[in-house]
Protein chains: 2
Amino acid sequence: MSEPKYVQIIEVIKQRIKEDIYLPGEMLPNQNDLATELGVSRMTVKKSLDILGKDGYVYSKRGAGTVVRKRMAHKLNSLPIGGYDGLSKELGGPVTSQVIKFAIHFPSLEVQQALELDKNDPVYEIRRLRIVNGQPYGLEHTFLPLKIIPDLNSDIFLGSFYQFLHHDRKLEIGGAQRSLSAEKADGYDQKYLKSYPTDPILQVKQIVYLKDGRPFEISINRHPYAQHHTYTYLDVKHN
Amino acid sequence: MSEPKYVQIIEVIKQRIKEDIYLPGEMLPNQNDLATELGVSRMTVKKSLDILGKDGYVYSKRGAGTVVRKRMAHKLNSLPIGGYDGLSKELGGPVTSQVIKFAIHFPSLEVQQALELDKNDPVYEIRRLRIVNGQPYGLEHTFLPLKIIPDLNSDIFLGSFYQFLHHDRKLEIGGAQRSLSAEKADGYDQKYLKSYPTDPILQVKQIVYLKDGRPFEISINRHPYAQHHTYTYLDVKHN
DNA sequence: GAGTGGTCTAGACCACATA
DNA sequence: ATGTGGTCTAGACCACTCC
């Protein structure tokens, strides 16, 4: 089957916003009219508008209507795709990778707990440097359980790992828990990110979950101060 | 009227998880049974479970059931309440504040754009130091438009500003856009956060929106390296 | 008062997981 | 084959905004 109706409607409305059919700060048609026009029930339209709201495209006011957001949710990497594939588009150039380490071993205690593994469940360990426009963009340190994705080889990590996941392994990402902090540059950072010892490093530690709830990756990603990276996300109240 | 049913159900289920009636890793009753037991329709139960999913309490698998998450979403300040009121509970001690600056003036260009203001719309500017357990916790730099919240005085900022908003002014927060980065310690940081010049600072810049979509605050919050603060949030795919 | 979005229902059908 | 959650409907009633 094709995609559910509410997803199709999300795409239609996004498109109309992009084409300035619905203008920022202006009202959308009301839910009943949209439902009639799109040939679905009002509840389905509402579901679409709710998701568009959570993604920062519109907001709805009871008694008034639904409005296109003025200051759009650009520069967002709130996508639960793990890496920074969302950001890469805005950086102009493509992301290339240099695999520094590709190993297999038993997990440390932290990795065991994060990935809900037994101490005898082996994991892959990958370190790779991400490069954009010839500049070091981030240093990734990733652990993956063989239980979930066996038969990896280092070549996979030269391209987009998340694309490989989706198309080759049919694994779908459900979300992630991210912890951000400011750190001092260590030896790795100085070597690969070309950071000075006094440069602050933005660290993003994430545990990524599949749609079925299994934790499937823990990674620690460090970003250099040089290009003054910011990590932006939307936090919209659920209702 | 009281709260909507789906909110009440969320509270019931949260309570049952807390009381180990529903155990981590175990299945909840199916949606039909829950609906019957709670005296609502299945759609309403589903709405509650969806929100619990987005908040990290449970996850649902089509064809299988709904499971309580094993590694709970603790240590989360993903709440769109603006400040770090969510975190304060876990730090043991209460949060106190020292108001460093309370002023009123016309907005800079950045503030104008963030808050969708005209250059003649005045704003409050507040700088305050947040202290937890006698240690500097964060340095806040906040701008608020008089258009939305007039008649402020500096005493309000000694307590919980967001509580004041909700109870005294009936303003409801709808969400926020946050940008995190790692910065070098400047003069303010060294003076108030007792940071060394080489300490990295975790900076959180946020634009907070009301439920009706109006931007209502921009603030830049800086956190010292000393207690190694991490900023954690959940990023769950919308569906 | 008229129009809007928010909640809720009772039921239907479908996609998927598990056995 | 059975049971589960996901989608969708047509309609109802309510809360709210704005004129």
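In this text, all values refer to a predicted model and were calculated from it rather than measured experimentally. Excluded from the calculations below are hydrogen atoms, water molecules and symmetry mates; all remaining heavy atoms, backbone and side chain alike, are included. Each chain gets a letter, A, B and so on, in the order its sequence line appears, and its residues count up from 1.
Within the structure, the side chain to side chain donor-acceptor pair (under 3.5 Å) test picks out the following pairs touching residues 20-32 of chain B (sequence neighbours left out): B:R16-B:Y22, B:Q31-B:R42.
Residues that satisfy the salt bridge (charged side-chain N to carboxylate O under 4.0 Å, His left out) test with B:K147, not counting sequence neighbours, are B:D121. Listed by chain and residue number, nothing satisfies the side-chain hydrogen bond (donor to acceptor under 3.5 Å, both in side chains) test with A:K47 (two or more places apart in sequence, or in another chain). Partners of A:E110 by side-chain hydrogen bond (donor to acceptor under 3.5 Å, both in side chains), not counting sequence neighbours, listed by chain and number: A:K205. Listed by chain and residue number, B:R214 satisfy the salt bridge (charged side-chain N to carboxylate O under 4.0 Å, His left out) test with B:D212 (two or more places apart in sequence, or in another chain). Legend: residues meeting ring-ring contact (aromatic ring centres under 6.0 Å, His included) with A:Y124, ordered by chain and number and at least two apart, are A:F102. Under the side-chain hydrogen bond (donor to acceptor under 3.5 Å, both in side chains) criterion, A:K211 pairs with no residue, sequence neighbours left out.
In this structure, CD1 of B:I10 is placed 15 Å from C1' of C:dC8, rounded to the nearest angstrom. The CD atom of B:E3 sits 15 Å away from the C1' atom of D:dA15 (whole-angstrom rounding). Taking atom CG of B:L34 as the reference point, atom P of C:dT9 lies 13 Å away to the nearest angstrom. When the P atom of D:dC16 is taken as reference, atom CD of B:E172 falls 10 Å away, rounded to whole Å. The separation between B:Y59 atom OH and C:dC16 atom P is 19 Å, rounded to whole Å. Taking atom CG of residue A:D212 and atom P of nucleotide C:dA17, one finds them 9 Å apart after rounding to whole Å.
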(message) Each nucleotide in nucleotides 1-7 of chain C should get exactly one letter: B, S or -. Can you fill that in based on protein heavy atoms under 4.0 Å?
(response) --BBBBB
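Inter-residue side-chain proximity for A:N221 and A:H223 is flagged as met; some heavy-atom pair is nearer than 4.5 Å.
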(message) Taking Watson-Crick (N1-N3 plus N6-O4 or O6-N4) and G-U wobble (N1-O2, O6-N3), each under 3.5 Å, can you produce the dot-bracket string of DNA chain C? Use [ ] for crossing pairs and | for inter-strand ones.
(response) ||||||||||||||||||.
